[in-house]
Every structure is written in C-alpha cells, then in structure tokens.
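This report concerns only the one structure given below.
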Amino acid sequence: MRKVLLLLVILSGFFITTGCSQEVEGQVSLSPKETVTKFFEYRNDKDLEKMEQLLSDDRHGVSWQLESLNSIQILSIEEDTTGKMKEDFIAYGLGKNFEKSNISVFKVEFEVDYQGGFGSGLDNGVHSWWYYLTRDSESSPWKIDDWGY
C-alpha cells in the first residue's frame, strides 16, 4: 500500500511540474506566425495585457484606442520568404542588433472597424502592413518589434 501511495505522490508531482513547464514553454514555443495571430486575437478581445506580452518592451504603452475598437480581423498572413524585408529591417530598422535567424517578417492583410470610422491611426476598412518579429535567442519568445506599411 505504501509503495502505491508513494508512486501516486511521485506521479502527481511529475504531472504538476510538467504541466507548469509546458505552460511557460507554450509562450516561448509560439511560432512567429502564431505570435502575430495571437496579437490580433488579443487586440480584437481588447486585452492590452496579453497584447503587450507579445510586443518588445519598447513597444509597450502604444495607444491602441481599444475602447473605440469594434473589431479587427486578419484576412491573410504571409511570411516574407525573399529575405528583402528582413535585410531592410537590419539595414534601416530596429533589426541591426539581431541575427538573421532571430528575425521574421510577415505581410498581414487585416480589416479594422472603429466606432466613428477611425482609430489608432487607421480608417475603417482593409489594410496591409508588415510585422517584424525578433527574439533574443532560439530559446527566447518571438516578440513583435515593429509594424507598418
């Protein structure tokens, strides 16, 4: 009986530890595309705290005007496989301090609807922007570092 009880205690500890580590790893294991997708989901849900978890530290505090956001949805998301946008980001943007392997760039077409027809610098309708993601190392989470036309 003691052996069975001891085995149950050990297994319980293992499952609790494994569950906790997977939750933390889940944040690290988001692909760049998943990071962008989650960011849009959180923005549509008006969850600023979760949005900022996916942004680089210097991008916190942006006025997203979430209070007047009706909806925002990704229509398409496509990785830049040419490498041109990554090279430009390194040469002219914030990417100069990152290895190429730690940068990912996506073209995102999305539709936004704000009360009053305008919010956070965007008219209502469809827009196409580039999203630049970086990570400090292969074991670090991807963060959205920049975005724009």
Would you say [X] and [Y] are hydrophobically clustered, going by side-chain heavy atoms of ILVMFWY under 4.5 Å?
X: Met85; Y: Tyr149; result: no
X: Val36; Y: Phe98; result: no
X: Trp130; Y: Ile77; result: no
X: Met51; Y: Leu122; result: yes
X: Tyr132; Y: Ile74; result: no

Exercise. Distance-only, no hydrogens or angles: does the Lys86 side chain make a donor-acceptor pair with backbone N or O of Ile103 under 3.5 Å?
Worked result: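 At least one qualifying donor-acceptor pair exists.
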
Problem set entry | Donor-acceptor pair, side chain of Glu34 and main chain of Ser31, under 3.5 angstrom |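 Such a contact is found between Glu34 side chain and Ser31 backbone.
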
Enclosure of [X] [atom1] (heavy-atom neighbours >12, cutoff 6.0 Å):
X: Glu109; atom1: CD; answer: yes
X: Glu99; atom1: CD; answer: no
X: Lys46; atom1: NZ; answer: yes

Exercise. When His127 is tested against each of Phe40, Trp147, Phe110 for ring-ring contact (aromatic ring centres under 6.0 Å, His included), which residue passes?
Worked result: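 The residue from Phe40, Trp147, Phe110 that satisfies ring-ring contact (aromatic ring centres under 6.0 Å, His included) with His127 turns out to be Phe110.
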
For this session: Let me know which of Phe106, Trp129, Trp142, Trp64 forms a ring-ring contact (aromatic ring centres under 6.0 Å, His included) with Phe39.
Result: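 Result: among Phe106, Trp129, Trp142, Trp64, Trp64 is the only option passing the ring-ring contact (aromatic ring centres under 6.0 Å, His included) with Phe39.
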
Exercise. Cut-off 3.5 Å, side chains only: do Asp145 and Ser56 have a donor facing an acceptor?
Worked result: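 There is such a pair between these side chains.
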
To the nearest 0.5 Å, what is the distance between [atom1] ([X]) and [atom2] ([Y])?
X: Thr134; Y: Ile90; atom1: OG1; atom2: CD1; value: 11.0 Å
X: Asn70; Y: Asn124; atom1: CG; atom2: CG; value: 7.5 Å
X: Asn44; Y: Leu69; atom1: CG; atom2: CG; value: 6.5 Å
X: Asp123; Y: Asp113; atom1: CG; atom2: CG; value: 12.0 Å
X: Arg135; Y: Thr35; atom1: CZ; atom2: OG1; value: 10.0 Å
X: Ile72; Y: Asp45; atom1: CD1; atom2: CG; value: 12.0 Å

Atom of [X], atom of [Y] and distance for their closest heavy-atom approach:
X: Gly121; Y: Gln65; value: N-OE1, 4.3 Å
X: His60; Y: Leu55; value: NE2-O, 3.4 Å
X: Glu79; Y: Ser104; value: OE2-OG, 3.3 Å
X: Gly119; Y: Tyr114; value: O-CE1, 3.2 Å
X: Glu52; Y: Val62; value: OE2-N, 4.5 Å

Exercise. What's the verdict on side-chain contact (heavy atoms from CB on, under 4.5 Å) for Leu133 and Lys143, showing C-alpha distance, side-chain angles and the deciding distance?
Worked result: CA-CA 5 Å; Leu133 293 90; Lys143 301 284 185 166; over 6 Å; no

Problem set entry | Electrostatic pair Lys84-Asp80, nearest N-O below 4.0 angstrom |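 Asp80 and Lys84: not salt-bridged.
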
Problem set entry | Remaining members of hydrophobic cluster (4.5 Å side-chain criterion), Val126 |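 When side chains under 4.5 Å apart are linked, the cluster holding Val126 also contains Leu75.
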
For this session: Under the salt bridge (charged side-chain N to carboxylate O under 4.0 Å, His left out) rule, what do Glu87 and Lys100 come out as? Steps first, then yes or no, please.
Result: CA-CA 8 Å; Glu87 301 230 349; Lys100 280 185 182 181; 2.8 Å; yes

Exercise. Would Arg59 and Asp146 satisfy salt bridge (charged side-chain N to carboxylate O under 4.0 Å, His left out), going step by step from the backbone distance to the final call?
Worked result: CA-CA 8 Å; Arg59 295 298 182 200; Asp146 205 2; 3.2 Å; yes

Exercise. After noting the C-alpha distance and the side-chain angles of Ser71 and Arg43, does the key distance pass the side-chain contact (heavy atoms from CB on, under 4.5 Å) rule?
Worked result: CA-CA 8 Å; Ser71 66; Arg43 190 169 172 190; over 6 Å; no

